[in-house]
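Working notes for the structure below.
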Amino acid sequence: MSGTRTLAITPGRVTALKGLAMLLVAILALILPLIAPDPATTGMAVFTVMYIGLASAWNIMGGYTGYISLGHAAFFGFGAYSFGLMINHLNMAPGYLPFVLVPVAGLLTAALAVGIGWVALRTRAATFVIVTIAFMFMLQLLGENLVKLTGGGAGLALPYSHDWGGDFFNIPYYYAMLALAVLTIGVSWWIRRSKFGLGLLAIRDDEDKALAVGVPTRSFKLTAFVISAVLVGMIGAVYAYYVTYLYPQFAFDPLIGISMVLMAFLGGLGTVSGPVIGALLLEPAQMEFAYRFGASRLYLVFYAAVFLIVILLLPRGIVPSVADLVHSWRRRRQAGPTAGGSRNAPVSAGEEPPATAQQRLASP
Amino acid sequence: MGPLLELQGVTVGYGGGDILHELDLNVEEGAITCIVGPNGAGKSTVLRVVSGLLRPRLGRLRFRGVSIAGLSPRQILRRGIVQVPQERSLFPTMTVWENVRMGAYTVHDRALVERRLQAVCESFPIVRERRHEPAASLSGGQQKIIEFARAMMLDPSLVVLDEPSMGLDPKTRTTVFDTIRAMNQAGRTILLVEQNARSGLGLASHGIVMESGRIRLEGLGSAVLGNPEIGRLYLGASA
């Protein structure tokens, strides 16, 4: 019996394991540039951490409320262009100081998100998906046609620090992206455990029932949409500073929006860790594919294949599927020794003996 | 002391004619009142009126002697009247624990919510036992028990149950009815509509038989159950 106790997966042990895993990941993320300083690795790390943040931010809206936005690249591009225009118009010297503009880009994105959300959230389901895509393409078109402001198809150049050469160039951006990813995960974690988050999950399950039990559905959806957009916008700002040149078709790239969704789906919608796991698995693989197959865009086939596999085999994503397995395994273990008709077998409430049901019911 | 809930001369319909016709119905505090009757008798309409989902065209509706006619469902909820609907009403992908918490979503006093959660766990052990599992993974009977637990989060005076045994196997139905009896023993007044007349009247202290929007017979649950005419009409020839 002692052997079985040692192997038992209790909620406390699961929490401890999760905490340990998070600590190890955090330490690894912090020291990564020290143990692997070559630009190829740190460059991949910048984009991986960026997508951890993007997928987690998207999950706050798409995962918690069930409103699937395929147009979040609108906020990414808007944050990027806001940052680029501010740094150019303010004639800010490159270096660490421009990072203070990142929250400002986030605030500007918030204003845009309130407007888009106000309109888009009057719709549900497939209509909402289409409206968000439409807004994304509208912004891309504006980026291409407001030539005097954005540079149009010729692009918008941003200054960069000549002091950050060689192996060091990626490192400030890596830590900036990491800080935003940690902030996003923190916000996501807080929401998941808050009463606000509970309301969002209720909206996801059944919006009308949520309204009936007192959830202010309209304001909650808009709030989640804006929080999600602000975080994506800030990440877009750091991206702009990193790539130093913005083109509308790359800043407002539908693939960026789809990647966030795919990563969240793969890891597990509506979970805190799911989008992180999804991004950790997909982004390095995608970059490796893009590197090996050059400009052929063959990696898109890889993306399509992953999407199909996820939908067919893991429709709920990795984290919920693993959680289900653990639950069923735990229940089988609990039921195992007494299963098979024993009078003392643990019974679920539906099969509880009447006397026990009565005895257990006292006034709450 | 007057009844907890009083309907006097209530007439109500859905637009295409009246369903309830000058209905007089009292629910005494601490009782289990069960309404039975054939389909279309207006049983569920009574519950919709009490919960504020349907406004009476004529008549009075009083709770603790105060009129509640015309109040919104949310205002009626605040007065202490909670309805557990006939259909599944849990949030399927949310855990049992989250579902129960949703019962007190409008309560802003965190300490009070925690106290009620603890009390509900004492009363409904399944809430703690299955707290991490999604509601959809529970059986129909278990889900009904969780719906009762969620209703208790508002500490209601009157629990309104619409066909609680609908779709349940006999064994689970017994458990659900035992749970209703225990809620009543814990001080809740129960008003239920039940398709299974024999089980419903067997549980009730007060029975009401409705037909075509009017009360045909009422009295002690056992007396209604034992009435030969009612037995012949609604409970099968053997009754």
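Order of the sequence lines sets the chain letters (A, B, ...), proteins ahead of strands, with each chain counted from 1.
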With sequence neighbours left out, the residues meeting side-chain hydrogen bond (donor to acceptor under 3.5 Å, both in side chains) with D208(A) are R124(A)
Apply side-chain contact (heavy atoms from CB on, under 4.5 Å) to V215(A) and M102(B), showing your working. CA-CA 9 Å; V215(A) 178; M102(B) 287 306 294; 3.6 Å; yes
Under a 4.5 Å heavy-atom criterion, the part of residues 264-282 of chain A in contact with chain B comprises none
Residues 184-194 of chain A vs chain B, non-hydrogen distance cutoff under 4.5 Å, contacting residues -> R192(A)
At a 4.5 Å cut-off on heavy atoms, which part of [X] comes close to chain A: side chain, backbone, both, or neither?
X	value
L154(B)	neither
P73(B)	neither
V107(B)	backbone

- Are the side chains of K195(A) and H108(B) in touch, meaning some heavy atoms are under 4.5 Å apart? yes
Taking every heavy atom of S89(B) against every heavy atom of K209(A), the minimum-distance pair comes out as O-CD, 3.6 Å
Heavy atoms of T106(B) and V213(A) approach each other most closely as CG2-O, 3.8 Å
Taken in chain and number order and not counting sequence neighbours, the residues that satisfy salt bridge (Lys or Arg N to Asp or Glu O under 4.0 Å) with R64(B) are E29(B)
With no hydrogens and no angle check, is any side-chain donor or acceptor of Y105(B) less than 3.5 Å from a backbone partner on L198(A)?
-> no
Okay, R204(A) and chain B: the region with an atom under 4.5 Å from a heavy atom over there is side chain
dist D206(A):CG -> R88(B):CZ (nearest 0.5 Å) comes out at 14.5 Å
